[in-house]
Amino acid sequence: MLRFDDGHMLKLKTPWYVRIHGVLDRLSREPDAVEILLNGNMDDVLPFLPATDAQALRRFAAELDAGLASNAERLKQKLAELQARYPGRKEIALALGKDPDTPFIFRMLGGADALALVRDHVLREYQSAPRLEAARRLFGARWTRPSFSDG
């Protein structure tokens with residue numbers, strides 16, 4: 001901020017200022033924080049954050065990853081139990097009915113990786129807070145806006 005003797009003020013925004021405030025703005029919204037993490041961009045963001053906020057982002061990333069991995073394992077176990085109990089895809093489909101895991105189970109029957117499926121699903125749903133909230137059952141973690149402190 002420049003202040004002139006006549007009272008006129010001028011605010012200069014350097015490329016660094018614009019970049020850091022863009023990062024801070026994106027991290028104020030949970031869908032954007034999830035997108036940054038799932039696209040592997042956390043390392044690009046961390047240098048712009050104060051230590052306490054960087055730690056909060058690392059903690060959220062660990063919780064997000066653990067939640068995704070836990071649900072992938074749950075889906076694998078569910079598939080194994082269904083395959084042990086029912087002889088074919090038709091019987092599995094009838095047993096699942098309108099279970100929200102049905103699309104995952106059938107893609108896994110086709111050879112898809114459970115962890116990749118849940119990550120991709122959350123990544124498709126992150127654009128809006130309501131859709132992300134509906135997908136939260138697959139990861140459980142919750143991002144709260146950091147303080148963006150100077151610490």
Side-chain angles (χ1 to χ4, degrees), residues 11 13-151:
K11 185 175 188 177
K13 293 184 180 181
T14 66
W16 173 87
Y17 176 91
V18 171
R19 191 169 47 248
I20 192 168
H21 284 279
V23 166
L24 296 179
D25 183 54
R26 288 193 68 209
L27 285 176
S28 69
R29 294 180 302 275
E30 185 179 36
D32 290 341
V34 168
E35 185 268 335
I36 286 168
L37 297 176
L38 291 181
N39 279 327
N41 295 324
M42 182 171 73
D43 290 340
D44 297 335
V45 170
L46 289 174
F48 298 106
L49 299 178
T52 55
D53 298 328
Q55 185 59 33
L57 185 61
R58 284 187 192 98
R59 188 171 36 256
F60 178 61
E63 292 170 4
L64 178 71
D65 287 344
L68 292 170
S70 174
N71 269 287
E73 287 304 314
R74 180 187 61 78
L75 287 168
K76 289 180 198 177
Q77 180 64 33
K78 188 172 191 172
L79 175 59
E81 290 170 5
L82 287 164
Q83 287 178 312
R85 192 167 183 194
Y86 301 102
R89 293 172 72 95
K90 180 179 180 182
E91 292 82 6
I92 290 173
L94 291 171
L96 285 169
K98 295 184 179 191
D99 187 312
D101 290 335
T102 300
F104 299 107
I105 296 294
F106 275 89
R107 293 202 51 210
M108 290 166 58
L109 279 168
D113 177 70
L115 182 57
L117 288 174
V118 294
R119 285 180 68 86
D120 291 348
H121 180 77
V122 173
L123 194 52
R124 279 192 309 276
E125 300 300 312
Y126 84 90
Q127 294 93 348
S128 78
R131 289 175 64 181
L132 182 62
E133 191 59 41
R136 190 175 307 280
R137 72 182 185 88
L138 298 173
F139 63 93
R142 188 171 297 279
W143 174 246
T144 52
R145 182 183 177 137
S147 64
F148 300 129
S149 62
D150 294 326

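Excluded from the calculations below are hydrogen atoms, water molecules and symmetry mates; all remaining heavy atoms, backbone and side chain alike, are included. This one's a predicted model, so the numbers in the text were calculated from it and none came from an experiment.
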Task: Inter- and intrachain pairs under salt bridge (Lys or Arg N to Asp or Glu O under 4.0 Å), touching residues 111-120, at least two apart - done: Asp65-Arg119

Task: Asn41: partners by side-chain hydrogen bond (donor to acceptor under 3.5 Å, both in side chains), with sequence neighbours left out - done: none

Open item on the list: With heavy-atom distances below 4.5 Å as the criterion, would you say the side chains of Leu64 and Leu38 are in contact?
Closed with: yes

- [ ] Would you please name every residue forming a side-chain contact (heavy atoms from CB on, under 4.5 Å) with Glu73, sequence neighbours left out?
- [x] Lys76

Task: Summary of ring-ring contact (aromatic ring centres under 6.0 Å, His included) pairs that have at least one residue in residues 102-131, sequence neighbours excluded - done: Phe104-His121

Open item on the list: Can you list everything that forms a ring pair (Phe, Tyr, Trp, His ring centres under 6.0 Å) with Phe139? Sequence neighbours excluded, please.
Closed with: none

TODO: Return the minimal non-hydrogen interatomic distance between Val118 and Leu68, and the atom names on each side.
DONE: CG2-O, 3.7 Å

List the atom pairs, with distances to 0.1 Å, where a side-chain N or O of residues 79-94 and a protein N or O form a donor-acceptor pair under 3.5 Å, not counting sequence neighbours.
unit_1, atom_1, unit_2, atom_2, d
Glu81, OE2, Gln77, NE2, 3.0
Glu91, OE1, Gly88, N, 3.1

Task: Heavy-atom check, side chain of Leu27 versus side chain of Ile36, under 4.5 Å - done: yes

Task: Exercise: identify the closest heavy-atom pair between Ala72 and Ala114 - done: O-CB, 3.6 Å

Task: Interatomic spacing from CD1 in Ile105 to CG in Asp99 - rounded to 0.5 Å - done: 7.5 Å

- [ ] Would you list the pairs meeting salt bridge (Lys or Arg N to Asp or Glu O under 4.0 Å) in which at least one residue belongs to residues 125-141, sequence neighbours left out?
- [x] Glu30-Arg136, Asp101-Arg137, Glu125-Arg131, Glu133-Arg136, Glu133-Arg142

Task: Of all pairs that satisfy ring-ring contact (aromatic ring centres under 6.0 Å, His included), the ones with a partner from residues 55-78, not counting sequence neighbours - done: Phe60-Trp143

TODO: Over all heavy atoms of both residues, which pair between Glu35 and Asn39 is shortest? Give the atoms and the distance, please.
DONE: OE2-ND2, 2.5 Å

- [ ] Could I get the full list of side-chain contact (heavy atoms from CB on, under 4.5 Å) partners for Ala54, not counting sequence neighbours?
- [x] Leu46, Leu49, Arg58

TODO: With sequence neighbours excluded, tell me which residues meet side-chain contact (heavy atoms from CB on, under 4.5 Å) with Ser70.
DONE: none

TODO: Please indicate whether Arg107 has more than 12 foreign heavy atoms, meaning atoms of other residues, nucleotides or ligands, lying under 6.0 Å from its CZ.
DONE: no

Task: Intermediate values then yes/no, side chain to side chain contact (heavy atoms under 4.5 Å, CB included), Leu37 and Val34 - done: CA-CA 5 Å; Leu37 297 176; Val34 168; 6.0 Å; no

